[in-house]
Amino acid sequence: MSVRVRYAPSPTGSPHVGNLRTAVFDWLAARKYGGQFITRLEDTDRDPKRYKPEYIREIEESLIWLGITPDEWWVSGGPCGPYIQSERLHLYREAADALIARNMAYRCYCTEERLAEMRAQQQAAGTGTGYDRRCRWLTDTERLRLSEEGLPYTVRLAVPLEGTTGYTDLVFGDVTFDNRTVDDQVLLKSNGWPTYHLAVVVDDHHMGITHVIRGEDWMPSTPKQVLLYGALGWDQPVWVHIPLTLGSDRKKLSKRHGATQFVDFIRMGYLPEAMFNFMVLLGWAPGDDREVMTVAEILERFDLNGIGRNPAIFDYDKLRWMNGEHIRRCDHGRLAELCRPFLAEAGIIGDPPSEEENETLAALIPLMVERMHLLSDAPALMAPYFRDPEEPDAAGRRKWLTGSDARSRLTACVEAFSSDGSPLTAECAEETINRVAESLGIPRAPVIHTVRVAVTGTMVGPGLFEALAVLGRERVVRRLQRAQEWVVE
Ligand code: GLU
């Protein structure tokens with residue numbers, strides 16, 4: 001099976017997570033079946049209120065970040081370029097002219113005012129909306145006169161007036177529609193720019209697209225495009241509409257539910273492989289209970305026929321959980337690298353970090369993986385290991401740094417930890433704490449808690465002995481000494 005698939009974003013908004021899911025399916029189909037993944041910029045809507053060049057950068061950033069760099073796109077070019085619709089205007093004009101020559105399309109001279117009046121009348125009469133086809137029935141003489149007057153015109157598709165047309169969707173099965181329900185849609189606007197329907201069909205044809213994979217919300221457009229393929233005498237691609245993505249209340253996913261812009265997930269500290277994993281499960285299932293999968297595992301099981309029809313629910317808690325699972329599977333060196341920008345941004349390490357900071361980070365990663373859900377958890381979790389805490393948290397202080405017992409525990413610890421000059425290992429830290437507890441004749445738990453609050457400023461954290469080893473003897477002793485000032489009597 002030869003497969004050429006395309007992702008066709010419009011730079012009229014920051015790329016949406018549901019939209020990028022299409023790109024993930026495209027990429028998988030191309031890789032699975034040995035084809036090409038193309039990305040084309042659909043930039044024919046140039047309304048400055050919507051169109052913004054920064055959205056193009058965000059589309060590029062998101063694809064590269066996800067690791068699904070297209071085989072052909074405007075960034076690297078390719079045999080079917082240009083991959084930007086605004087640079088392909090002549091192709092749309094050519095197709096429109098060919099349709100007019102074959103009476104499959106016609107020039108419409110109706111003005112905006114006339115169309116508005118027509119719509120108002122239709123509304124008042126309660127009849128169906130849509131163009132009343134006035135210009136379709138112009139006589140040759142009328143047509144010639146209007147053309148000689150040089151009036152602006154749009155080009156409309158002459159939709160068959162009766163009969164039915166059908167297509168097969170890989171997910172939704174056979175779809176048949178009555179041609180009478182389809183409007184004589186505008187293909188070319190009076191400024192010579194194409195509408196979405198014309199541009200998408202012309203480009204998909206010229207770029208050799210075999211499968212149109214897109215969201216179910218585009219299904220209402222498909223009849224128009226199927227008719228256009230027929231009118232142009234071109235073979236249709238295979239249609240693959242992937243089910244809608246809804247919020248937990250089964251309403252269209254929107255900002256009310258949480259982040260929807262893809263770049264926000266990048267900034268929040270999700271891993272590319274977790275986003276990839278999560279997005280592919282919005283519509284596709286591997287056929288067993290497995291959920292956490294690497295890209296390679298997904299690719300091995302992926303099959304376009306495995307896409308279901310039921311709407312997918314975007315569960316933010318599940319995404320967070322899944323990210324934690326991927327964090328725990330991540331190579332520690334890479335995880336440290338991924339955490340670095342978050343720590344630098346929070347001012348916890350330098351940019352670039354010092355050698356010592358890099359060493360501390362490398363040592364901290366194995367201690368922290370169990371506690372992390374997002375990379376952005378790193379600053380709060382790791383800050384105490386890079387900077388001496390300014391003060392202990394109130395509850396910790398009340399519980400473990402209050403009274404003469406706390407003071408003697410601290411004093412004994414300062415002495416015990418500074419009595420030895422060897423590098424502090426976890427074993428050595430444990431042994432020292434045991435020794436202190438023994439000498440004071442108390443269980444070791446209060447000693448552990450006191451040391452934790454004194455050294456990290458908080459009552460929670462990873463295993464204390466390992467944490468002390470990461471900090472090193474010098475810092476531990478310094479912090480224990482300083483904590484003596486925190487003790488309240
Ligand atoms: N430009 C459309 C979009 O913004 C493409 C729809 C399609 O895939 O046909 O999503």
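This structure is a prediction, so every number in the text was calculated from the model and none was measured. The first residue of the sequence shown is numbered 1, and numbering continues consecutively from there. FYI, side chains are in, hydrogens and waters are out, and symmetry mates aren't considered; it's all heavy atoms of this structure. Read the numbers this way: they start at 1 and go in the same order the structure lists the ligands and their atoms.
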Cationic N near anionic O, under 4.0 Å, Arg267 to Glu61: yes

For Arg214, atoms of ligand 1 separated by under 4.0 Å from a heavy atom: 7 (C), 8 (O), 9 (O)

Nearest neighbour in protein (non-hydrogen) for atom 10 (O) of ligand 1: Trp218 CZ2, 3.3 Å

Face-on cation placement of Arg136 at Tyr106 ring, 6.0 Å and 45° thresholds: no

Mode of His241 contact toward ligand 1 - side chain, backbone, both, neither (heavy atoms, under 4.0 Å): neither

Protein contact to atom 4 (O) of ligand 1 [nearest heavy atom, distance to 0.1 Å]: Ser10 OG, 3.1 Å

Nearest protein heavy atom with distance in Å, relative to atom 8 (O) of ligand 1: Arg6 NH1, 2.7 Å

Electrostatic pair Asp71:Arg31 at N-O distance under 4.0 angstrom: yes

Shortest protein contact, atom 5 (C) of ligand 1 (heavy atom only): Ala8 O, 3.2 Å

Positive for ring-ring contact (aromatic ring centres under 6.0 Å, His included) with Trp65, one of Phe265, Phe262, Phe276: Phe262

Proximal ligand 1 atoms for Glu42, defined as those under 4.0 Å from one of its heavy atoms: 1 (N), 2 (C), 5 (C)

Residue among Val226, Val238, Leu227, Asp174 satisfying side chain to side chain contact (heavy atoms under 4.5 Å, CB included) with Tyr167: Val226

Numbered atoms and elements of ligand 1 in range of Tyr196, under 4.0 angstrom, heavy atoms: 5 (C), 6 (C), 7 (C), 9 (O)

Atom indices of ligand 1 within 4.0 angstrom of Val200 heavy atoms, with elements: 9 (O)

SB check Asp132 Arg114 (cutoff 4.0 Å): yes

